Undergrad: 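Starting off with a structure, shown below.
Source: prediction; values computed, not measured. In this chain, numbering begins with 1 at the start of the sequence shown.
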Amino acid sequence: MKKGQVYSGVVENVAFPNKGIVRLEDGKVVVVKNVVPGQKISFSINKVRKGKGEGRLLEVLEKSPLELESAPCSHFGSCGGCTFLNLSYEEQLKLKTQQVKELLQPVFERDGSSDFESIFEGIYSSPRQFGYRNKMEFSFGDSYKDGPLSLGMHKRGSFHDIITVAGCKIADQDYSDILSAALLYFQNCENPLKTEGGERGVPYYHKTSHRGYLRHLLVRKAVKTGDILVDLVSTTQISGKAEETLLEGFCKVILDLPLEGNVVGILNTHNDSLADAVIDQGTRVLHGSGCFYEELLGLRFCITPFSFFQTNSLGAEVLYEKAREYIKDAGNGKIIYDLYSGTGTIAQILAPVAKKVIGVEIVEEAVEAAKGNAKRNNLQNCEFLAGDVWKVLGNIEEQPDFIVLDPPREGIHPKALEQIIGYGVGQMLYISCKPSSLARDLEALLARGYKVEQICCVDMFPATANIETICKIVQK
């Protein structure tokens with residue numbers, strides 16, 4: 001098995017998140033991404049290490065018996081946004097359940113304090129399979145070198161090429177209408193940077209030359225209220241009167257759209273960083289408000305463009321209902337730490353039964369939003385602190401009776417985990433968006449005197465390879 005060789009084989013299994021396992025005739029294993037179990041594929045070897053290969057998918061030679069006749073989105077396969085849209089939703093849930101079991105069951109077997117099968121409740125589905133997202137980050141670029149302006153998602157496996165994804169199935173029609181209108185406007189309006197390719201059309205930011213104006217279009221829409229927030233992310237390479245005229249026209253185009261929802265704010269964020277990411281280096285409101293409102297479990301939340309908030313609002317209600325069920329009376333009249341608290345959603349759901357909830361979050365904007373949300377919901381017993389968890393914990397005087405953990409994808413920093421274990425609380429709740437990180441952190445928790453009492457999954461991200469897992473953790 002050498003780099004560049006081409007093989008064919010049948011996908012035996014797909015490990016988390018999208019690693020297809022193909023076994024060659026000589027027994028060697030190759031990992032090929034973006035496939036589903038049962039497909040016969042051809043692939044080329046990209047890398048060989050310790051007898052295992054990594055391959056790049058060339059072609060699906062035979063469809064899997066599990067696959068749909070055709071994927072419900074015309075962009076599937078070329079767009080890098082969805083992974084399992086060619087499977088029925090039932091098959092998606094089965095695959096994700098299997099992946100979580102493969103990662104977590106060995107952890108339980110090594111520890112021996114509880115049997116995974118007896119405490120695993122299975123997976124809860126998203127209330128919506130399609131049109132569920134309340135946030136989309138679209139990128140400006142071109143679909144091929146020196147091609148016309150595109151706006152959408154990165155082409156699968158490409159750092160540069162952008163596919164215009166009007167009609168995307170995981171976001172509703174308003175997103176497509178806003179995308180299409182913005183693209184048409186910037187393709188046809190006068191180009192203030194005449195040196196960037198002609199008189200018409202505004203140039204996008206090129207990652208190699210670092211020239212151009214358009215970077216991203218961030219759209220957020222609340223499921224419950226219908227509020228829509230639109231944020232154009234650009235460089236500062238157009239300024240003054242030229243930029244004002246350009247942005248005035250952009251606002252008019254968006255406000256004239258016959259949308260199902262209601263545009264409550266249009267913003268412009270400047271970003272001159274070299275990173276290909278949405279980074280806030282200064283945001284101003286062009287129209288309306290700088291935030292929109294969403295409702296969860298009877299509470300109302302003000303969400304800014306960069307606030308962390310679950311991207312599936314209806315799925316979040318399923319997630320937090322399960323979290324509340326797992327906690328039950330454990331937090332009654334007690335001090336609860338909500339670590340990695342985001343905009344304070346979990347903290348405020350628990351606040352009515354707690355003596356006090358202390359949230360810790362590294363993103364200052366999210367902390368300010370959490371404070372405002374708690375005030376808006378008339379909750380007087382919530383405190384939110386900005387900073388890295390492992391640095392902040394040592395400065396909190398009140399000791400916790402109960403800890404909620406909802407870390408980012410990489411899991412909990414080892415230093416923070418040691419501090420958390422050191423409190424010796426009787427119960428914890430761990431909400432994870434990456435089961436491989438959860439498996440690693442559970443190893444440490446189980447080795448230090450804890451066991452998992454209840455566990456389940458909630459599918460917050462249909463058609464993608466992501467899954468949320470909730471664990472109720474108690475002292476042995």
Undergrad: Show your working on salt bridge (charged side-chain N to carboxylate O under 4.0 Å, His left out) between E244 and K241 and close with a plain yes or no.
TA: CA-CA 5 Å; E244 295 305 316; K241 181 63 176 175; over 6 Å; no
Undergrad: Looking only at side chains, do S313 and E294 share a donor and an acceptor under 3.5 Å apart?
TA: yes
Undergrad: Picking from S125, S126, C82, what satisfies side chain to side chain contact (heavy atoms under 4.5 Å, CB included) with P462?
TA: S126
Undergrad: Within the structure provided, determine whether F120 and K101 are in side-chain contact (heavy-atom separation under 4.5 Å).
TA: yes
Undergrad: Roughly how far, to the nearest 0.5 Å, is the NZ atom of K94 from the CD atom of Q99?
TA: 14.5 Å
Undergrad: Classify the ring geometry of F140 against F186: parallel below 30°, tilted from 30° to 60°, perpendicular beyond 60°.
TA: perpendicular
Undergrad: Do E54 and N46 have side-chain N/O donor and acceptor atoms under 3.5 Å apart?
TA: no
Undergrad: Mark yes or no for whether Q348, through its side chain, and G344, through its backbone, hold a donor-acceptor pair below 3.5 Å.
TA: yes
Undergrad: Please name the pair of heavy atoms, one in F43 and one in G55, separated by the smallest distance, quoted to 0.1 Å.
TA: CD1-CA, 4.5 Å
Undergrad: Does any non-hydrogen side-chain atom of I178 lie less than 4.5 Å from one of L257?
TA: yes
Undergrad: Rounded at 0.5 Å granularity, tell me how far CD in Q98 sits from CD1 in I123.
TA: 11.5 Å
Undergrad: Backbone N or O of D146 within a donor-acceptor pair of the D142 side chain at under 3.5 Å?
TA: yes
Undergrad: So, S307 side chain and I303 main chain: donor-acceptor pair closer than 3.5 Å or not?
TA: no
Undergrad: If only side-chain N and O atoms count, and only distance matters, is there a donor-acceptor pair under 3.5 Å linking E365 with T304?
TA: yes
Undergrad: Is there a donor in the side chain of Q39 and an acceptor in the side chain of E67, or the other way round, less than 3.5 Å apart?
TA: yes
Undergrad: Just by distance, with hydrogens left out, do Y124 and K322 show a side-chain donor and acceptor under 3.5 Å apart?
TA: yes
Undergrad: Backbone N or O of R133 within a donor-acceptor pair of the Y175 side chain at under 3.5 Å?
TA: yes
Undergrad: On the six-membered ring of F159, is K207 placed so that its NZ or CZ lies under 6.0 angstrom from the centre and within 45° of the ring axis?
TA: yes
Undergrad: Considering all heavy atoms of both residues, which atom of V22 and which atom of V32 are nearest to each other, and what is their separation?
TA: CG2-CG2, 4.4 Å
Undergrad: Is there a side-chain contact between I420 and L339 (heavy atoms, below 4.5 Å)?
TA: yes
Undergrad: In this structure, are over 12 heavy atoms from other groups packed under 6.0 Å from E260 atom CD?
TA: no
Undergrad: Using a 6.0 Å distance limit plus a 45 degree cone around the ring axis, check whether R211 lies over the aromatic ring of Y204.
TA: no
Undergrad: Is there a donor-acceptor contact under 3.5 Å linking the side chains of Q237 and D272?
TA: no
Undergrad: Applying side chain to side chain contact (heavy atoms under 4.5 Å, CB included) to L319 and I470, what does each step give before you reach the verdict?
TA: CA-CA 8 Å; L319 182 76; I470 312 177; 3.5 Å; yes
Undergrad: I need the minimum non-hydrogen distance between P407 and Y430, along with the two atoms involved.
TA: CG-OH, 3.4 Å
Undergrad: So, does Q187 use its side chain to make a donor-acceptor pair with the main chain of G201 at under 3.5 Å?
TA: no
Undergrad: If you look only at pairs with a residue in residues 261-270, which of them pass as a side chain to side chain donor-acceptor pair (under 3.5 Å), with sequence neighbours excluded?
TA: D231-T269, S234-N268, E243-H270, N268-H270, T269-T283
Undergrad: Just by modelled atom types, is the F461 backbone N or O under 3.5 Å from a matching donor or acceptor in the T464 side chain?
TA: yes
Undergrad: Do the side chain of T225 and the main chain of D227 share a donor and acceptor less than 3.5 angstrom apart?
TA: yes
Undergrad: When you take the SG atom of each Cys, C79 and C73, is the space between them under 2.5 Å?
TA: no
Undergrad: Closest heavy-atom contact between A323 and L429?
TA: CB-CD2, 3.6 Å
Undergrad: Does the side chain of L296 reach to within under 4.5 Å of the side chain of Y320, using non-hydrogen atoms?
TA: yes
Undergrad: Determine whether more than 12 heavy atoms belonging to other residues, nucleotides or ligands lie under 6.0 Å from atom NZ of K63.
TA: yes
Undergrad: Is any side-chain heavy atom of L66 closer than 4.5 Å to a side-chain heavy atom of L95?
TA: no
Undergrad: Does the side chain of L442 reach to within under 4.5 Å of the side chain of I473, using non-hydrogen atoms?
TA: yes
Undergrad: Let me see the working for L87 and L85 under side chain to side chain contact (heavy atoms under 4.5 Å, CB included), right down to the final yes or no.
TA: CA-CA 5 Å; L87 296 177; L85 196 58; over 6 Å; no
Undergrad: For the residue pair R215 and Y205, would you count it as a cation-pi contact if the rule is NZ or CZ under 6.0 angstrom from the ring centre and within 45 degrees of the ring axis?
TA: yes
Undergrad: In terms of side-chain heavy atoms, does Y144 have a donor or acceptor partner in D161 at a distance below 3.5 Å?
TA: no
Undergrad: Look at atom CZ of R56 and say whether more than 12 heavy atoms of other residues, nucleotides or ligands are closer to it than 6.0 Å.
TA: no
Undergrad: Answer whether the closest heavy-atom distance between the side chains of K96 and D459 falls below 4.5 Å.
TA: yes
Undergrad: Are any of the side-chain nitrogens in D172 or K221 under 4.0 Å away from the carboxylate oxygens of its partner?
TA: yes
Undergrad: Treating N134 as the side-chain partner and R220 as the backbone partner, does any N or O pair qualify as donor plus acceptor under 3.5 Å?
TA: no
Undergrad: Please identify each residue that fulfils side chain to side chain donor-acceptor pair (under 3.5 Å) with E91, with sequence neighbours left out.
TA: none
Undergrad: Is the CD atom of E410 crowded by more than 12 outside heavy atoms at less than 6.0 Å?
TA: yes
Undergrad: Walk me through it: do E317 and K224 pass the test salt bridge (charged side-chain N to carboxylate O under 4.0 Å, His left out)?
TA: CA-CA 12 Å; E317 290 194 315; K224 297 290 185 67; 2.8 Å; yes
Undergrad: When rounded to the nearest 0.5 angstrom, what distance separates CG in L246 from CD1 in I238?
TA: 5.5 Å
Undergrad: Given side chain to side chain contact (heavy atoms under 4.5 Å, CB included), test V165 with F138 step by step and report yes or no.
TA: CA-CA 9 Å; V165 290; F138 300 120; 3.9 Å; yes
Undergrad: Find the distance between NE2 (H75) and OG1 (T164) and round it off to the nearest 0.5 Å.
TA: 8.0 Å
Undergrad: Can you tell me how far the CD atom of E121 sits from the SG atom of C457, to the nearest 0.5 Å?
TA: 10.0 Å
Undergrad: Decide yes or no on side chain to side chain contact (heavy atoms under 4.5 Å, CB included) for L259 and D177, but give the supporting numbers first.
TA: CA-CA 8 Å; L259 302 172; D177 291 345; 3.8 Å; yes
Undergrad: Once you measure the plane-to-plane angle for W390 and H413, does it fall in the parallel (<30°), tilted (30-60°) or perpendicular (>60°) bin?
TA: parallel
Undergrad: Quick check for you: to the nearest 0.5 Å, what is the distance between L218 atom CG and F306 atom CZ?
TA: 6.0 Å
Undergrad: Given side chains that start at C-beta, do those of I228 and F292 come closer than 4.5 Å, heavy atoms only?
TA: no
Undergrad: Looking at P37 and V14, what are the two nearest heavy atoms and their distance?
TA: CD-CG2, 3.5 Å
Undergrad: Answer yes when E368 and K371 have at least one side-chain N-carboxylate O distance shorter than 4.0 Å, and no when they do not.
TA: yes
Undergrad: Under 3.5 Å, is there a donor-acceptor pair linking the side chains of E102 and N13?
TA: yes
Undergrad: Any donor and acceptor pair, going by atom type alone, linking the side chain of E361 with main-chain N or O of V363 inside 3.5 Å?
TA: yes
